[in-house]
Amino acid sequence: MKFAAIDVGSNAVRLLFTQVFENKGEIFFKKDSLFRVPIRLGEDSFVNHRISDKKADSLIKTMMAFKYLIEAYGPLDYMAVATAAMREAENSQEIIRAIYKESGLDLEIIDGQREAEIIYSNHVAEQLDNKGNYLYIDVGGGSTEITLISDSVIVDSYSFKLGTVRLLEKQVPKTEWQKMKNWLKENTSDYPSIKGIGTGGNINKILKMSLIKDGEFINYKDIKRVSDLVNSYSYEDRISELNLRPDRADVIVPAIKIFMKALKWADINELYVPSIGIADGIIHVLHEKHKLLKLEA
């Protein structure tokens, strides 16, 4: 089975193609292609609460291109979701209608709770130890979704208006940091030996820069080491010397800050980075949907 997922984020818009195989009772997810366009909708939405005509046009054209790629790939199904930037833009529904008119693609704006649910659909915690305590931390451009898992059951989750683009645009009040601190301390205190699971493009890059192997845990000191390295370079030198993409070279700094504070406040030292994001969660949601349809047929 082939599926397609579109994630219209606050920093970039992504299209993921994935094949799902079932063999001897096991399910395998094989990523075929990932397309990423850094439109950075949050620059408009978080400051002006409206997507500019220029960025709206870029988004519509990107979705039109995605439509043709989806037609060429021929997936069984697709899902397209938009998160914080589109949630907060006054003209989001107007843009959604334009996208549908030009491309025929249905784009759904999801709230923070649904975003956390989709990310959790990857079920990474169950692959590690289904009896353990875990804290999912997904840092995006507009928000940070945190989900507490114990014995493979969601205990609680919350979406904070703490995102990399939002921080760059100086649109995060101190009260939002305090809200996250209070939530973490209150909700994690009764769960011993919590381990973190970090998702999103920035933590994937931090893992690579730390030289920790995929599949291993990165600890707080490793993240601090990367933080010191990144902050010792200017934005321009991060691109030329550290080989970071221009749209990654600035957002990686606030991303590190969010991860470090979350780990500190939850008293977590180790973080597992499975190199997944909301697009991967969408693939899992689509697979579950069609598995149920098959059983009902």
Side-chain angles (χ1 to χ4, degrees), residues 7 9-12 14 16 18 29-31 33-34 36 38 115-116 118-129 132-141 143-147 149 162-165 167-168 184 193-233 235 237-239 241-281 283-284:
D7 165 25
S10 303
N11 188 38
R14 299 171 182 83
L16 174 66
T18 298
F29 293 82
K30 174 64 178 175
K31 297 181 187 181
S33 301
L34 175 66
R36 184 180 184 277
E115 189 174 350
I118 290 174
I119 293 162
Y120 176 64
S121 295
N122 290 288
H123 295 294
V124 177
E126 294 173 24
Q127 298 166 27
L128 296 172
D129 176 7
N133 297 321
Y134 296 95
L135 194 73
Y136 272 70
I137 307 168
D138 182 80
V139 176
S143 62
T144 293
E145 275 64 46
I146 298 183
T147 304
I149 312 292
L162 275 164
T164 57
V165 177
L167 279 165
L168 286 177
L184 286 169
S193 305
I194 296 180
K195 291 183 178 179
I197 296 174
T199 56
N202 285 297
I203 194 63
N204 293 334
K205 176 57 68 173
I206 293 164
L207 179 71
K208 289 177 182 176
M209 293 178 72
S210 72
L211 303 180
I212 302 293
K213 294 179 181 177
D214 287 348
E216 294 187 7
F217 282 82
I218 183 172
N219 63 40
Y220 187 89
K221 287 184 179 178
D222 294 323
I223 299 174
K224 178 65 166 60
R225 179 164 46 84
V226 174
S227 176
D228 293 341
L229 173 67
V230 169
N231 282 291
S232 69
Y233 288 87
Y235 170 75
D237 287 343
R238 289 175 206 150
I239 297 169
E241 302 294 326
L242 298 181
N243 199 32
L244 293 177
R245 290 195 310 264
D247 68 297
R248 178 75 69 206
D250 54 355
V251 295
I252 195 169
V253 174
I256 290 172
K257 182 179 180 180
I258 294 170
F259 273 109
M260 289 183 69
K261 284 188 177 296
L263 293 175
K264 181 181 179 181
W265 291 336
D267 195 24
I268 294 172
N269 184 52
E270 292 186 314
L271 186 74
Y272 180 68
V273 184
S275 297
I276 57 168
I278 190 169
D280 301 271
I283 299 295
H284 283 256

Practice task
Mark yes or no for whether S121, through its side chain, and H284, through its backbone, hold a donor-acceptor pair below 3.5 Å.
Solution key: no
Problem - Least distance between heavy atoms, L167 atom then P254 atom - result: CD1-CB, 3.7 Å
Exercise for the section: Mark yes when over 12 heavy atoms from residues, nucleotides or ligands other than N243 sit less than 6.0 Å from its CG; otherwise mark no. Expected result: no
Exercise for the section: Work out which heavy atom in T164 is nearest to a heavy atom in I258; give both atom names and the distance. Expected result: N-CD1, 4.4 Å
Handout entry: Residue pair K205 / V230, side-chain heavy-atom distance below 4.5 Å
Key = no
Handout entry: ring-ring contact (aromatic ring centres under 6.0 Å, His included): pairs with one or both residues in residues 260-281, sequence neighbours excluded
Key = F217-Y272
Completion exercise
Of all heavy-atom pairs linking N202 and I252, the shortest is OD1-CA, 3.5 Å
Fill in the blank from the handout: Nearest heavy-atom approach of I197 to L271 is N-CD1, 3.6 Å
Practice task
For residues S227 and I256, report the shortest heavy-atom separation together with the two atoms involved.
Solution key: CB-CG2, 3.5 Å
Practice task
Check the pair D280 / T199 against side-chain contact (heavy atoms from CB on, under 4.5 Å), numbers first and verdict last.
Solution key: CA-CA 11 Å; D280 301 271; T199 56; over 6 Å; no
Handout entry: N/O donor-acceptor pair under 3.5 Å between D267 side chain and L263 backbone
Key = no
Problem - Side-chain (R238) to main-chain (L244) donor-acceptor, under 3.5 angstrom - result: no
Problem - Pairs where residues 250-264 contributes a residue and the test salt bridge (Lys or Arg N to Asp or Glu O under 4.0 Å) is met, not counting sequence neighbours - result: R40-D250
Exercise for the section: Could you walk me through whether D228 and R225 pass the salt bridge (charged side-chain N to carboxylate O under 4.0 Å, His left out) test, one step at a time? Expected result: CA-CA 5 Å; D228 293 341; R225 179 164 46 84; over 6 Å; no
Handout entry: Other residues, nucleotides, ligands: >12 heavy atoms within 6.0 Å of K31 NZ
Key = yes
Problem - Where I268 and I194 come nearest, the two heavy atoms and their spacing - result: CD1-CG2, 3.5 Å
Exercise for the section: Compute whether any side-chain donor of one residue and acceptor of the other, for T147 and E145, lie under 3.5 angstrom apart. Expected result: no
Exercise for the section: Would you give the length of the straight line joining atom CD1 of I223 to atom NZ of K221, rounded to the nearest 0.5 angstrom? Expected result: 13.0 Å
